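First up is the structure itself, then whatever we jot down about it.
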Amino acid sequence: MNFFKQVDLDWMGKAKYFFALSLTLLVVGGASLVKHGGPYYGIDFKGGTVVDVRFAGAPPIDTIRNGLAQQGIGNSTIVPVSDIAGTNSNEVLINLEEKGEGAEALDAGKTAILNALHVTLGSGQAGKQDINAVGPSAVADVLTRKDPLSLGATAGDRYTQLARQLTDFRDKNHSGILTNLNDLSGAGASPSVIAALNDSFYTSNFAIINVEIVGPKVGSELRRQAVVVTLYALGGMLVYIAFRFEWVYGAAAVLAVFHDVLITLGLFSIFHFEISLTVIAALLTLVGYSMNDTIVIFDRIRENLRLMRREPFPTIVNRSINQTLSRTILTSGLTFLTVLVLFIMGGQVLRAFSFALVVGILVGTYSSFGIAAPLVVAWNHWRGQGATLAAPGPAAGNKLRKT
């Protein structure tokens with residue numbers, strides 16, 4: 001399948017524009033990283049506690065911040081969760097960086113945040129639990145003990161099933177937040193069941209969706225390992241391409257991948273996405289994807305060097321890129337559409353991961369013909385003053401052939 005036939009675009013003639021675009025993106029991204037003091041690391045790398053809180057309405061950010069400060073954890077940060085259009089949702093992430101070691105320090109941070117939220121926002125009643133903070137087992141225990149349906153000996157199994165039904169209704173139909181226990185009538189709860197729940201539970205206007213805890217020592221080790229893994233991947237690819245083609249091809253491909261990763265990190269800083277373990281996985285995927293596209297172009301250059309012996313090297317590179325253009329559009333375009341849907345529909349948990357893939361595919365595809373190939377042409381021009389490289393590879397040797 002070919003989208004284009006007889007394409008004759010002068011890619012190398014536009015190399016200076018590609019370099020200017022890349023330099024602009026690198027400078028802007030670098031300035032953002034300097035301004036923010038480096039990448040915005042997630043809980044995986046800096047350690048601490050992250051509490052995901054969902055509200056029935058717009059989150060009272062200022063009230064939460066003041067409440068946390070009053071409870072002695074004013075050093076925490078509050079990050080509103082936004083959708084794809086940039087509109088704030090009803091969720092916030094509360095981050096607390098922990099400096100202490102051990103489970104006690106981490107549990108203390110979690111407890112401090114939860115207590116501050118309930119003190120500041122909760123409408124708790126003495127002796128009652130928040131219905132939005134309990135699971136089906138707690139609801140089943142209350143119903144079994146009170147037996148509002150007079151089930152007798154069969155109460156246990158029946159109330160366990162009913163409790164699961166009620167909590168599922170809360171989570172699926174009310175986004176995890178019940179503001180009135182009478183709403184449970186929509187899940188089949190009878191008045192006697194609702195009355196029994198009213199005796200033991202109260203409703204709040206928020207719910208804790210998720211809590212993550214990572215020790216600072218573990219986070220530091222994960223950050224070091226992420227850097228080492230990325231460098232090992234680049235080093236291995238450099239060795240392979242240098243052996244399979246020539247060292248200059250490997251160097252150009254690795255520089256292009258470094259370019260891709262740095263631009264992606266810069267955009268993460270600009271849009272304030274955090275770097276987590278899933279983002280590192282996306283960056284490694286980006287490294288492999290960009291390298292694969294670059295190798296396809298390099299392989300076509302090697303073939304054309306044997307077929308177009310009399311042509312100048314830039315002409316051979318242009319022809320090679322044009323010949324692989326349809327393949328690039330097919331593979332990159334379809335992959336881009338897939339990760340774009342993941343970015344739009346994947347939700348907050350996958351937002352940073354999918355953003356890295358979206359940016360990575362665009363930048364990785366662009367760098368294959370806009371950075372890696374022009375670097376090889378520039379080196380060839382500097383080294384041979386117009387010489388054409390012999391077809392690279394173990395059988396071709398690494399010599400220049402004058403034309």
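Note that this is a predicted model, so its numbers are computed, not measured.
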- Looking only at non-hydrogen atoms, find the nearest pair between Ala163 and Pro136 and report the distance. CB-O, 3.3 Å
- Side-chain touch Ile329/Leu325, heavy atoms, less than 4.5 angstrom: yes
- Query: When you measure from the side chain of Thr324 to the backbone N and O of Ser320, does any donor-acceptor pair fall under 3.5 Å?
  - Reply: yes
- Side chains of Tyr249 and Ile295: does their closest heavy-atom pair fall under 4.5 Å? no
- Message: For Leu255, is there any backbone N or O sitting under 3.5 Å from a side-chain donor or acceptor partner on His259?
- Response: no
- Message: Quick check against the 3.5 Å criterion: does Glu91 have a side-chain atom that pairs as donor or acceptor with the backbone of Asp52?
- Response: no
- Query: Would you say the side chains of Ser276 and Tyr41 form a donor-acceptor pair under 3.5 Å?
  - Reply: no
- Taking Asn132 for the side chain and Ala207 for the main chain, is one N or O donor matched with an acceptor at less than 3.5 Å? no
- Can a salt bridge be assigned to the pair Arg327 and Asp293 using a cut-off of 4.0 Å between side-chain N and carboxylate O? yes
- Are any non-hydrogen side-chain atoms of Ile61 and Val92 less than 4.5 angstrom apart? yes
- Message: Side chains of Val341 and Ile344, heavy atoms from C-beta outward: is any pair under 4.5 Å?
- Response: no
- Message: If we count only N and O atoms by modelled type, under 3.5 Å, do the side chains of Tyr159 and Asp147 hold a donor and an acceptor together?
- Response: yes
- Message: So which atom in Lys128 and which in Asp199 form the shortest heavy-atom distance, rounded to 0.1 Å?
- Response: CE-O, 3.6 Å
- Considering all heavy atoms, the nearest Val257-Ser290 contact: CG2-OG, 4.1 Å
- Message: Can you tell me how far apart NE2 (His174) and OG1 (Thr203) are? Round to the nearest 0.5 Å.
- Response: 11.5 Å
- Item | Exam field: side chain Asn322 to backbone Leu9, donor-acceptor pair closer than 3.5 Å | yes
- Query: Are the side chains of Ile270 and Val28 in touch, meaning some heavy atoms are under 4.5 Å apart?
  - Reply: yes
- Task: Check the angle between the aromatic planes of Phe55 and Phe206 and answer parallel, tilted or perpendicular using the 30° and 60° thresholds.
- Result: tilted
- Message: When you measure from the side chain of Asn380 to the backbone of Val376, do you find a donor-acceptor pair of N or O atoms at a distance under 3.5 Å?
- Response: no
- Query: Minimum heavy-atom separation for Ala56 to Thr179, with atom names?
  - Reply: CB-CG2, 3.9 Å
- Message: Testing the 3.5 Å rule here: is there a donor-acceptor pair between the side chains of Gln323 and Asn304?
- Response: yes
- Give me the one residue out of Leu283, Ile275, Ile263 that meets side-chain contact (heavy atoms from CB on, under 4.5 Å) with Phe268. Ile275
- Item | Any donor-acceptor N/O pair, Thr365 side chain to Leu362 backbone, under 3.5 Å | no
- Just by modelled atom types, is the Leu197 backbone N or O under 3.5 Å from a matching donor or acceptor in the Ser200 side chain? no
- Message: Applying ring pair (Phe, Tyr, Trp, His ring centres under 6.0 Å), can you list everything that pairs with Tyr40, at least two apart in sequence or on another chain?
- Response: His272
- Task: May I ask you to check whether over 12 heavy atoms, not counting those of Arg300, lie within 6.0 Å of atom CZ?
- Result: yes
- Query: What distance separates Phe355 CZ from Leu267 CG, expressed to the nearest 0.5 Å?
  - Reply: 5.0 Å
- Note on the structure: Taking every heavy atom of Leu265 against every heavy atom of Leu33, the minimum-distance pair comes out as O-CD2, 4.1 Å
- Rounded distance [0.5 Å steps], CG in Leu262 versus CZ in Phe258: 7.5 Å
- Message: Centre-to-centre under 6.0 Å for Phe353 and Phe343, is that the case here?
- Response: no
- Message: Heavy-atom count check: over 12 atoms from other residues, nucleotides or ligands less than 6.0 Å from Asn292 CG?
- Response: yes
- Item | For Phe298 against Ala372, the heavy-atom pair lying closest together | CZ-CB, 4.0 Å
- Query: If only atom types and distance count, is the side chain of Arg54 paired as donor or acceptor with the main-chain N or O of Ile177 below 3.5 Å?
  - Reply: no
- Within-4.5 Å side-chain heavy-atom neighbours: Met12 and Pro374: yes
- How long is the gap from CD1 on Ile78 to CG on Leu68, to the nearest 0.5 Å? 5.0 Å
- Query: Hey, what's the ring geometry for Phe369 with Phe18, parallel, tilted or perpendicular (30° and 60° as the breaks)?
  - Reply: perpendicular
- What residue pairs, at least two apart or across chains, pass salt bridge (Lys or Arg N to Asp or Glu O under 4.0 Å) with a residue in residues 58-75? Asp62-Arg65
- Task: Could you check if a side-chain atom of Leu357 sits within less than 4.5 angstrom of a side-chain atom of Leu286, using non-hydrogen atoms only?
- Result: no
- Going through the checks in order, is the side chain to side chain contact (heavy atoms under 4.5 Å, CB included) test met by Ile301 and Phe313? CA-CA 9 Å; Ile301 292 174; Phe313 189 60; 4.0 Å; yes
- Message: Using only atom types and a distance under 3.5 Å, with no angle test, would you say the side chain of Asn318 pairs donor to acceptor with the backbone of Trp11?
- Response: yes
- Query: Would Ser332 and Tyr289 satisfy side-chain hydrogen bond (donor to acceptor under 3.5 Å, both in side chains), going step by step from the backbone distance to the final call?
  - Reply: CA-CA 9 Å; Ser332 300; Tyr289 189 91; 3.1 Å; yes
- Item | pair Val139-Thr167: side-chain heavy atoms closer than 4.5 Å | yes
